[in-house]
Structure formats: C-alpha cells, structure tokens
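Right, one structure below, let's go through it.
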Amino acid sequence: MKPGKGSTVVAAALAGVLALSACGGGEAKDNGPANLRMTVWSANEAHLKLFNEIADEYRKTHPDVAEIKFDPIPFENYSTTLTTQIAGGNAPDLAWVLESSAPDFVASGALLPLDDTLKKADGYQYDDLSPATLKLWQNDGKLYGYPFSTSPFGVFVNTDLLKKAGQKTPAELIAAGQWTWDNALAAAAAVNGKAGKAGLVIRDFDYKGWDNLSTFWTGWGARAWSEDGKSCGFASPEMVDAMTTLHKAIFTTKALPGPGTTADFFAGDAAMTITQISRASLLKDDGFAWDLVPLPAGPKGPYSVFGQGGIGVMKKSPHADVAADFLAFLTNPTNSAKLAQFFPPPRQSQLTAETLAKANPKLKPEQLQKVVIDGITNGVVKPNHAGQAELSQQVRAGLDPLWQPDADVKAVLDGVCAKIQPLLAK
C-alpha cells in the first residue's frame, strides 16, 4: 500500500502559493457579473441543497452575482486538488479548508482577511463567535478563515446489530460506567463473530487518512507530535500501547475490518462508526435502530477530538470582495442556524443542545449535549502542523508496514519518527 504523489503536490502547490503571495499583486478585477465558485468536500445531497438555497436567497438581492456554484471535491484528495487548482491558476473564489491545512493556508497570504467584512455586515454579531474556535484561523490579529464547523467525533451505533450479537448497547455501558475502549472493541469483535458484520469503522480512515486515528489514540494520551510541534510523538509508550491495541483489534479479534475491506455503517454493514453529526443525514427513517454516544474512555479517561473546517476567500479572486460579502451572508446568525443541522457553528448563542436540536430533528438534545457541546468544550483538534502535507506523506508511508498481521508495532512507530523528526525540527 504505497502513498501516492498527492501530498507532494500539496506541499509544492502551497510553496508556490507562498512564493506568489510574497511577490504581491493579484488578479485583475472583473467588473462584469460575478460567477462565484466555492470548493467543498461534501457531495451529500442534503448539504448541497441547503447551500444552494442560501445562495439563491443571496442572489435575489444581489443582481450583480450571476451564479454561485458549489464544487464538491472528494475528501481524500481535497487538499491535493484545491492546491493544484491554485497553483494552476484555476483557484476557486471561496474554499473549505481542512484543519490539517489551516496553518499553511492562513500563513501563506493566499486568503483575504475577513475581519472588516464580517464586522461591518448588517446584523452579523461578530462578537458572538467563540474566540476558541477562531484561533486556528488567525494570524497577526487578523481572521483568514471562518470556522464554519467545529465538529467533535462521536460514535453512531447500530443497536439492532449489537443486540443480535448478544451485546450490551453503549447506552447501557455508559449507565454502568463501563463505556471504555476495551468493552467497545469486545462488542465490535462479537458482532463480527456472531452476526457476520463489521464491528467498528473509523470513518474516512481506510488505512490512508491516518490523522483520523487521533480519535482513537488520544484516549491513551498519545499525540502525533508535541504541543510545540517540534518533537515526534509516534514512538512514545502511549502511542505504542494505543497502536498495539488497534493492531490487535484489526488482525486478531477482527473488531475492525482489515485493509481492503469496506463496511458502510449507514447501509447497516457495521455495528459502530466514529464520525461527526454531519453524517446523521444518511440515517434512514425506516432503517435500523441507532444511537449517538461519545467516544469510549481510554486508559487516560474520557476525552474528545474534533475536526474543524474553515471557509476562506482567495485573495487573488477577481471577485474577492463579492465572495467575502457572500461569506458574511452564508454565515450570518440566520444562516448559521440553518447550517447547524450539519455543521456545529462557532456562534456561542447557537452552541446549546436546545438550539442545535431544533436544527437536528434526528438527534436528541442529550446526544447533542454529550457529543457536540461537551466535545467542543473538552476536546482537542485533530493533528495540524505547518507543512503538514509533507508530514502526512511521510507518516502515511511510515505507517504502511503496520497494516500487516505480523507487524512489529514499536519498530514501525520508531520508523515513523525517523522519517518526520527532521521535518518537525525545521
């Protein structure tokens, strides 16, 4: 399973963005009707329907905007494709940016500062934005990305499959103070053995998206790198313990599907999946019985991990000012409340279980409180680092030997640190 060239392209493209930005200058302004394009990593029909409804509402009062197009790019190749577009002179006007790419995009000079536009927008209530959600998107006191989604990971549960395998549900384990990774993996293994279905799926990992494993190893107190970003954490005893547990769950107890095996939780093919509330729209009203619960406690106790997506405006867009104005409309209090059904907002007034429940009819206030509200309050963001494109390539290559039944976990993780420590030390 060899890593592709995508991460190299990302690193090279971002380096090009930095160089171009340092030279100054921008695209010629286009005085004609604006055709805006915004890249997104979701092709979910419900998500796109809502985006288009908000865009249509904006265009009713902005005849100078001829079109607002949302351009879905597959998640796995999102940053690769986006930065290739930028380097190739085909940059979108607005773009979702993953938390892993935030340090590079924010520091690159490729994005337009948003503070003035948002603060001046009618009824925007800029001070309602939680300062904690803005940190990743700020540089030198300016805001370069709006954190449209600060979304903790939780566990969606197919309670029908667990009961079929004779297992207690997570809700029952939580009530007994026993919702731990040991018990979760044991239940997942039982489902595979007794019901013939996958036990647990870590969404978007698929033995490629290694940073999603932070939803697992954080329970052991492990980190990809130190808080200051200068020291590798993959060889730490905590990480070795966590990854040994994961390796056993994959290859010995079969609690997780192995490499090359896919299982769609939302189609009923797995008992549990780690993901975010935006996926709740995939649950069918006439499907299986389900629940949403926090991540199981690890050896270090309860914990939470969240992903964060930002929206930025490309400084070199010929319609950068118009794009920024649309972003202000897209994220104003009214539309932020609409988007909250999929993407937990940064607005403090909207981060309550009751408010989120109104936008998320499939989810109960208690589920939203324990997974989303408490998760944002107590969680840590997924791994992110300047130059993460190159780091990610090396981590993925370094972890590749781990996905074999006879892997030496400690030796593999030592090898990961050997690969990335020189990059971290730069």
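Note that the structure is a prediction, hence the values are computed from the model and not measured. Position 1 is the first residue of the sequence, and the numbers go up from there.
For the atom pair CG of L98 and OG of S79, the computed distance is 4.5 Å after rounding to the nearest 0.5 Å. Between the CE atom in M314 and the OG1 atom in T39 there is a gap of 6.5 Å [rounded to 0.5 Å]. One distance of note links OG1 of T334 with CG of L339; it measures 11.0 Å at 0.5 Å rounding. D264 CG to R203 CZ: the interatomic distance, rounded to the nearest 0.5 Å, is 6.0 Å. The distance from the CD1 atom of I420 to the SG atom of C232 is 3.5 Å, given to the nearest 0.5 Å. Expressed to the nearest 0.5 Å, how far CG of L112 lies from OG of S317 amounts to 9.0 Å.
Using cut-offs of 30° and 60° on the angle between ring planes, the pair W403 and Y207 is perpendicular. Aromatic ring pairs are classed by plane angle as parallel below 30°, tilted from 30° to 60° and perpendicular above 60°; the pair F234 and W217 is perpendicular. F343 and F51 have parallel rings, their planes meeting at less than 30° on a 0 to 90° scale where 60° marks the start of perpendicular. Below 30°, between 30° and 60°, or above 60°: for W225 and W210 the angle between ring planes is above 60°, a perpendicular geometry.
Residues satisfying the salt bridge (Lys or Arg N to Asp or Glu O under 4.0 Å) test with K254, not counting sequence neighbours, are none.
Here salt bridge (charged side-chain N to carboxylate O under 4.0 Å, His left out) pairs that include residues 298-310, with residues two or more places apart or in two chains, number zero. Listed by first and then second residue, the salt bridge (charged side-chain N to carboxylate O under 4.0 Å, His left out) pairs that reach into residues 327-355 are D128-R347, sequence neighbours excluded.
Without hydrogens or angle criteria, D93 side chain to R37 main chain gives a donor-acceptor distance under 3.5 Å. In terms of modelled atom types and a separation under 3.5 Å, the side chain of S108 and the main chain of F105 share a donor-acceptor contact. No donor-acceptor pair under 3.5 Å is formed between the side chain of N44 and the backbone N or O of R279. A side-chain donor-acceptor contact under 3.5 Å links Q350 to the backbone of P333. A donor-acceptor pair under 3.5 Å links the side-chain atoms of S214 to the main chain of D211, judged by distance alone. Without hydrogens or angle criteria, W179 side chain to P294 main chain gives a donor-acceptor distance under 3.5 Å. D56 contributes no side-chain N or O that, together with a main-chain N or O of E53, makes up a donor-acceptor pair within less than 3.5 Å. Side-chain atoms of Q308 come within 3.5 Å of backbone N or O of T133 as a donor-acceptor pair. For E390 (side chain) and G387 (main-chain N/O), no donor-acceptor pair under 3.5 Å exists by modelled atom type. Y124 places no side-chain N or O within donor-acceptor distance of the main-chain N or O of T117, the cut-off being under 3.5 Å.
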Under the side-chain contact (heavy atoms from CB on, under 4.5 Å) criterion, do L256 and L246 qualify, and how do the steps go?
CA-CA 9 Å; L256 279 74; L246 182 68; 3.8 Å; yes

In sequence, state the C-alpha distance, the side-chain angles, and the governing distance for D291 and Q367, and then conclude on side-chain hydrogen bond (donor to acceptor under 3.5 Å, both in side chains).
CA-CA 8 Å; D291 196 2; Q367 294 171 327; 2.8 Å; yes

Should F265 and F288 be marked as a ring pair (Phe, Tyr, Trp, His ring centres under 6.0 Å) after you check the CA-CA gap, both sets of side-chain angles, and the distance that decides it?
CA-CA 10 Å; F265 170 84; F288 51 80; 5.3 Å; yes

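Taking both residues in full, the closest heavy atoms of P103 and N384 are given as CG-OD1, 3.8 Å, listed atom of the first, atom of the second, then distance. Heavy atoms only, all atoms of each residue included: T218 and V305 are closest at OG1-CG2, 3.6 Å. Summarising the geometry of I376 relative to T150, their closest heavy-atom pair is CD1-O, 3.3 Å, with the distance given to 0.1 Å. Minimum interatomic distance between Q276 and P152 (heavy atoms only, all atoms of both residues): CG-O, 3.5 Å. For the residue pair N139 and A107, the shortest heavy atom distance occurs at ND2-CA, 4.1 Å. Residues F329 and I54 approach most closely at CE2-O, 3.4 Å, considering heavy atoms.
Between W220 and M243, every side-chain heavy-atom pair lies at or beyond the 4.5 Å cut-off. Side chains of S42 and F70 form no contact here, defined as non-hydrogen atoms less than 4.5 Å apart. By the 4.5 Å heavy-atom criterion applied to side chains, P345 and T331 are not counted as neighbours.
Evaluated for a side chain to side chain contact (heavy atoms under 4.5 Å, CB included) with P296, the options L185, V155, I174 yield exactly one hit, V155. Each of H385, K382, Q388 was compared with S100 under the side chain to side chain contact (heavy atoms under 4.5 Å, CB included) criterion, and only Q388 meets it.
The pair K49-E45 does not count as a salt bridge, with every side-chain nitrogen at least 4.0 angstrom from each carboxylate oxygen. Between K197 and D269 there is a salt bridge, since a side-chain N of the basic residue sits under 4.0 Å from a carboxylate O of the acidic one.
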